[in-house]
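Working notes, beginning with the structure itself.
We're numbering straight along the sequence, starting at 1. The figures that follow rest on heavy atoms only: side chains count, while hydrogens, waters and symmetry mates do not.
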Amino acid sequence: DVLDMELVQNSVYTDQLTGLRNQRFLMERLREELEKSGRYDYPVSCVILDVDTIQAQNEESGSVEIDDLLPEIAMEIRSFTRSCDILARFDGTLFVAVLPHTDLSHAMEYGDKIMRDIDATTFSDPKFPTKVAVSVGIVTVQQGHLQNCDLVFGETMKTLLQAKSKPRPNRINGITVAPE
């Protein structure tokens, strides 16, 4: 019975396509991390990565379907993510990482490494080689200044939209929210 409950709980919090955690899990854990960061005075960064472009390397064969690429993209992102970080597929092509104990400069480094790695990778099976590009938005909350997870997520989405307006390869944007 305990095993059955774990399986049910796990499926409730897991994105079936990528195997990452899902939106529900992410928002619960973001809320917890923001509360803890206020209590114990450490920074928390929220990073949103979004797939911008998918380009076939061989126009005649075309590109792969996005659903076939998402698990590969998830594996790339996971390879840069620490075990204490929370990584989830939020929706569609949006991936979100919550990085406890991570200031803006380290979160920018994390996002930049992933962005450059994905830009340099050719994905999928040999018949459909595909290039993918992502944009990254980041908000770092200092000293528990902002504990509403919806507000933090909304601010991170704004930084992502600003990043999307930048020229390649610098489609990354981040801000720190701290007490005045």
Side-chain angles (χ1 to χ4, degrees), residues 3-33 44-100 102 106-139 149 152-153 156-157 159-161 163-164 168-174:
L3 192 58
D4 288 342
M5 272 310 289
E6 280 182 31
L7 198 62
V8 167
Q9 247 184 337
N10 205 15
S11 67
V12 167
Y13 290 120
T14 303
D15 174 65
Q16 298 306 307
L17 183 63
T18 63
L20 296 179
R21 295 303 189 179
N22 62 18
Q23 181 178 349
R24 176 189 220 168
F25 183 87
L26 172 85
M27 295 311 271
E28 286 178 17
R29 292 291 287 119
L30 176 57
R31 184 175 293 111
E32 287 172 20
E33 282 305 326
V44 173
S45 292
C46 181
V47 180
I48 301 178
L49 301 106
D50 189 24
V51 175
D52 290 325
T53 58
I54 299 168
Q55 183 177 10
Q57 294 305 105
N58 177 350
E59 294 300 325
E60 289 171 22
S61 63
S63 62
V64 290
E65 294 295 316
I66 186 68
D67 280 2
D68 294 334
L69 280 175
L70 290 176
E72 288 187 66
I73 293 167
M75 283 190 339
E76 286 296 313
I77 297 169
R78 185 183 281 143
S79 72
F80 288 94
T81 306
R82 305 170 302 185
S83 61
C84 67
D85 298 333
I86 299 136
L87 180 61
R89 175 174 172 227
F90 189 80
D91 192 17
T93 59
L94 287 181
F95 294 91
V96 181
V98 176
L99 312 176
T102 306
H106 288 97
M108 293 286 282
E109 221 173 271
Y110 167 85
D112 190 58
K113 281 181 188 172
I114 292 170
M115 185 176 64
R116 291 185 191 287
D117 183 69
I118 288 175
D119 282 357
T121 301
T122 300
F123 290 93
S124 209
D125 73 58
K127 286 184 258 168
F128 297 103
T130 304
K131 287 292 218 179
V132 176
V134 296
S135 291
V136 183
I138 302 168
V139 166
C149 67
V152 171
F153 190 82
T156 310
M157 282 299 290
T159 65
L160 175 67
L161 293 175
K164 286 177 171 289
R168 285 241 155 262
N170 301 313
R171 294 179 72 143
I172 184 168
N173 188 42

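Side chain of Thr122 to main chain of Lys131: no donor-acceptor pair is present (N/O by atom type, distance under 3.5 Å, no hydrogens or angles). The closest donor-acceptor contact from the side chain of Gln16 to the backbone of Thr14 lies under 3.5 Å. Panel note: side chain Thr102, backbone Pro100; a donor-acceptor pair is recorded below 3.5 Å. Listed for the Lys164 side chain is no donor-acceptor partner under 3.5 Å among the backbone atoms of Val136.
Taken from CG in Leu160 to CG in Asn173, the straight-line distance is 9.0 Å, to the nearest 0.5 Å. Distance check: Asn22 CG to Tyr13 OH gives 8.5 Å after rounding to the nearest 0.5 Å. Here CG of Leu26 is found 10.0 Å from CZ of Arg31. Values are rounded to the nearest 0.5 Å. Of the inter-residue distances, the one linking Ile86 atom CD1 with Glu33 atom CD reads 4.5 Å to the nearest 0.5 angstrom. Interatomic distance, CD of Gln23 versus CD of Glu28, reported as 11.0 Å (0.5 Å rounding). Atoms CG and SG, on Leu99 and Cys46 in that order, are 8.5 Å from each other to the nearest 0.5 Å.
You'll find the side chain of Leu87 stays beyond 4.5 Å of the side chain of Val96, heavy atoms only. Taking the side chain as every heavy atom from C-beta outward, Val12 and Arg24 approach each other to under 4.5 Å. You'll find the side chain of Lys113 reaches within 4.5 Å of the side chain of Glu109, heavy atoms only.
A side-chain donor from one of Asp50 and Thr93 sits under 3.5 Å from a side-chain acceptor of the other.
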Can you check side chain to side chain contact (heavy atoms under 4.5 Å, CB included) on Phe95 and Ile73, steps first, answer last? CA-CA 9 Å; Phe95 294 91; Ile73 293 167; 3.8 Å; yes

Can Val132 and Leu69 be said to form a side chain to side chain contact (heavy atoms under 4.5 Å, CB included), step by step? CA-CA 9 Å; Val132 176; Leu69 280 175; 3.9 Å; yes

Before giving the answer on side chain to side chain contact (heavy atoms under 4.5 Å, CB included), spell out for Arg89 and Leu94 the whole-Å C-alpha distance, their side-chain angles and the decisive distance to 0.1 Å. CA-CA 6 Å; Arg89 175 174 172 227; Leu94 287 181; over 6 Å; no

Check the pair Tyr110 / Thr81 against side chain to side chain donor-acceptor pair (under 3.5 Å), numbers first and verdict last. CA-CA 8 Å; Tyr110 167 85; Thr81 306; 2.8 Å; yes

Side chain to side chain contact (heavy atoms under 4.5 Å, CB included) assessment of Val98 paired with Asp85: CA-CA 6 Å; Val98 176; Asp85 298 333; over 6 Å; no

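A salt bridge is absent between Arg116 and Asp119: the closest approach of a Lys/Arg side-chain nitrogen to an acidic carboxylate oxygen does not fall below 4.0 angstrom. Remark: Asp15 does not engage Arg21 in a salt bridge, criterion side-chain N to carboxylate O under 4.0 Å. Salt bridge annotation for Glu32-Arg29: present, with a cationic side-chain nitrogen under 4.0 angstrom from a carboxylate oxygen.
Here the shortest heavy-atom pairing between Ala107 and Ile138 reads O-CD1, 3.4 Å. Residues Leu20 and Ala74 come closest through the heavy atom pair CD1-CB, 3.6 Å. Thr156 and Thr159 make their closest contact through O-OG1, 2.7 Å (heavy atoms, listed as atom of the first residue, atom of the second, distance). The shortest heavy-atom contact between Leu70 and Gly92 is CD1-O, 3.6 Å. In plain terms, the two heavy atoms of Thr18 and Arg78 that are nearest each other are O-NH2, 4.3 Å.
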